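Throughout, protein chains are lettered first and strands after them, A, B, ... in sequence-line order, and every chain is numbered starting at 1. None of these values were measured; they are calculated from a predicted model. Hydrogens, waters and symmetry mates are skipped; everything else that's a heavy atom, side chains included, is used.
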Amino acid sequence: MALTSPEISPPVIDSLERKNSFRSLFDIVMTVVVAVFLAIALVPLIAVIAYVIIQGGSRISLDLFTQLPPPPMVDGGGFANAIVGTLIMVGLAALISVPIGILIAIYLSEFSPPSVARAIRFATNVLNGVPSIIVGVFAYGLIVLTFKTFSALAGGIALSVLMLPIVIRTSDEALQIVPPDVRWASVGLGASDYQTVLRVVVPAALPAIVTGVTLAVARASGETAPLIFTALFTQFWPQGLLEPTPSLAVLVYNFAGVPFKNQQELAWAASLLLVLLVLITSVIARFATRRKIY
Amino acid sequence: MNPQDRPSHSVGSPKAASATPVLETRNLNIYYGSFLAVREVSMSIPNNQVTAFIGPSGCGKSTLLRCFNRLNDLIETFRVEGDLNYHGQNLYAPKVDAVDVRRRIGMVFQKPNPFPKSIYENVVYGARVNGYKGDLDELVERSLTQAALWDEVKDKLKTSGLALSGGQQQRLCIARTIAVQPEVVLMDEPCASLDPISTLKIEELMHELKQQYTIVIVTHNMQQASRVSDVTAFFNVRLTDTGKRSGYLVEHDRTENIFQNPKEESTQEYVSGRFG
Ligand SMILES: Nc1ncnc2c1ncn2[C@@H]1O[C@H](COP(=O)(O)OP(=O)(O)OP(=O)(O)O)[C@@H](O)[C@H]1O
Ligand SMILES: [Mg+2]
């Protein structure tokens, strides 16, 4: 504007001002619209958390974490066995899917020819989209029928199949974000390919990989469908890897539908615990990404 | 732009300047897939001197430089024809271990690219991957001192290399490269992203380093080439029969000759800034 000549500058400034006020009005309208949609998006989240806290909060006590579920018509009790069962199966699933997933991601991002990488990435996306109940049926056919028993092993394997694509995808993305320059620098200093990957690329991607793993764990711990087919449920402590094993998710599924008030309350308390677990893992994931390097 | 302050003694071929060339190419053709990026380069890099590569963008300076330590091996489509000898030994012979080549011929890149590790770990990285047995603390102090960075960072060796300024990062990258004690240091526009003061520091550094190392530097800065180099090679691009552009070596001589008394017209035009 400073460059326009004096004769024509007043009208130009005038029209600019009018446009500006229109634009600022538009800004205000859009801000309001966006705020409304944000609120709409947040309502379900807040409603779910609030509802679960209201319903399950009153039941939170130490007993939940130390006692077994009571038989119908008996008061008190807890679901310590389901917590232990969930930990066992999610732990088993992580033990299987995290190393395999990270190795596949390293292969994809660092070593595979582009055509192979494209095929594997596509397969990973397909696996990610498979409904969890199908994964349950698959583990049922593969493990439960083979060992002729519902088991923590079958549950863990089913969950690992669900976690695997998440671990692969997030790790793959994390590795690809590491700039090629630092790989060149490492190779230029006489490092071999695997030294470059292990000493430079993976450490640089680690915070983002941790985030992916945490999200996968959060997803797996809430899954019910695959466990109904594979681990089933018991009222007792987990007996071993090849025995039916209780879990929080299946406990919610079983207890929410029965006509006993105590069981219903336990189901709500277990739901609250699961929601908290997801919240906490998300916070951990956020924290890990805050420390990210690239 | 002719640097008048430069003594114009020893007019002669670069070979005459130094008895044994460290690196020598003969009819070197460099391809990316079917694209001939650099054609028929025959030149030698003299020992303990600074050789500058100058020329317009895309003429293949970086491409040629990366051949010298086989870094182009990382590019899938890359292929080379002709001879590239390092002390008389063909670098692209099948038996040659590229990892070993890169330890002896180090590289500093255009953009500072320290590892996301501490300053200390950056410097000792090459030593660690090569199984160095000596005293790492001493190696760090020696390398950082040589790279004129020690005084600025000696109290914060544990902080991340990424937390340094651009000029400090580039000197860290130089320290990291010379910590491996290579014989040759290749520098691809090492000052391109630096301020004049950091540039000056790195140029002074090159004068120091050439006592011990053979240096090849790519630069777009004519004053820099005339200030730091003993020998200059001018590259240009031309259209091939198939309409592709490929780079070639126009002229290679003592730096003062290239700048004051070039044999080729295009060299004269390029160094005086009247190019294209
Ligand atoms: N990885 C690659 N794959 C295919 N072609 C490449 C690759 N790298 C460079 N080229 C091509 O090779 C030619 C020479 O490139 P190079 O980067 O060596 O030029 P340069 O002289 O270093 O240019 P600048 O001064 O801009 O850095 C260019 O035509 C470029 O497009
Ligand atoms: Mg270049």
Side-chain angles (χ1 to χ4, degrees), chain A residues 102 105-121 170-213 287-294, chain B residues 62 65-66 68-77 97-118 121-132 160-163 169-170 172-182 184-188 193:
Chain A
I102 292 178
I106 290 175
Y107 173 73
L108 272 180
S109 134
E110 306 297 317
F111 297 107
S112 65
S115 57
V116 177
R118 227 174 301 127
I120 298 182
R121 289 195 180 110
T170 47
S171 307
D172 183 22
E173 279 163 12
L175 291 167
Q176 286 187 59
I177 289 174
V178 178
D181 306 24
V182 298
R183 289 167 232 245
W184 286 68
S186 169
V187 171
L189 286 168
S192 65
D193 287 351
Y194 90 92
Q195 282 173 324
T196 301
V197 169
L198 290 185
R199 286 170 180 262
V200 178
V201 182
V202 171
L206 205 55
I209 293 177
V210 170
T211 305
V213 168
F287 184 73
T289 7
R290 275 242 309 276
R291 295 191 44 241
K292 76 172 181 249
I293 297 162
Y294 292 112
Chain B
S62 304
L65 198 68
R66 288 196 303 259
F68 289 165
N69 71 343
R70 291 198 52 173
L71 214 51
N72 279 330
D73 291 15
L74 297 188
I75 299 169
E76 237 143 80
T77 55
D97 180 7
V99 169
D100 204 33
V101 172
R102 295 179 196 127
R103 235 190 52 219
R104 295 181 206 207
I105 307 180
M107 179 131 188
V108 177
F109 299 81
Q110 172 171 346
K111 223 173 100 229
N113 54 358
F115 300 124
K117 298 175 182 290
S118 69
E121 284 301 322
N122 261 282
V123 179
V124 300
Y125 181 83
R128 285 203 200 282
V129 299
N130 292 308
Y132 178 76
S160 167
L162 292 172
Q169 286 188 10
Q170 192 63 307
L172 177 61
C173 292
I174 293 174
R176 173 177 78 179
T177 303
I178 57 186
V180 191
Q181 287 165 343
V184 183
V185 179
L186 310 172
M187 298 183 168
D188 193 349
S193 55

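- Residue Ile178(B) does not touch chain A at all, counting heavy-atom pairs closer than 4.5 Å.
- Here the side chain of Asn122(B) pairs no donor or acceptor atom with the backbone of Pro114(B) at under 3.5 angstrom.
- Side chains of Arg66(B) and Asn72(B): a donor on one and an acceptor on the other come within 3.5 Å.
- When heavy atoms are compared at a cutoff of 4.5 Å, Leu162(B) approaches chain A solely by way of its side chain, counted from C-beta outward.
- Of the two parts of Leu74(B), only the side chain, counted from C-beta on, holds a non-hydrogen atom closer than 4.5 Å to a non-hydrogen atom of chain A.
- The closest donor-acceptor contact from the side chain of Gln170(B) to the backbone of Phe109(B) lies under 3.5 Å.
- Most heavy-atom pairs under 4.5 Å with chain A, from the set Asp100(B), Leu71(B), Asn69(B), Val180(B): that is Leu71(B).
- Proximity to chain A (any heavy atom under 4.5 Å) is restricted, for Glu76(B), to the side chain, taken from C-beta onward.
- A donor-acceptor pair is defined here as one N or O able to donate and one able to accept, closer than 3.5 Å; such a pair exists between the side chain of Gln195(A) and the backbone of Ser192(A).
- Using a 4.5 Å cut-off between heavy atoms, Arg176(B) contacts chain A through both its backbone and its side chain.
- Counting heavy atoms from C-beta on, the side chains of Val200(A) and Arg183(A) never come closer than 4.5 Å.
- Annotation: side chain of Arg102(B) is in contact with side chain of Val187(A) (closest heavy-atom distance under 4.5 Å).
- Using a 4.5 Å cut-off between heavy atoms, Pro182(B) makes no contact with chain A at all.
- Both the backbone and the side chain of Val99(B) come within less than 4.5 Å of a heavy atom in chain A.
- Of the residues considered (Pro203(A), Ala191(A), Ala185(A)), Ala185(A) shows the highest number of contacts with chain B, using heavy-atom pairs under 4.5 Å.
- Within a 6.0 Å sphere centred on CZ of Phe287(A), other residues, nucleotides and ligands contribute 12 heavy atoms or fewer.
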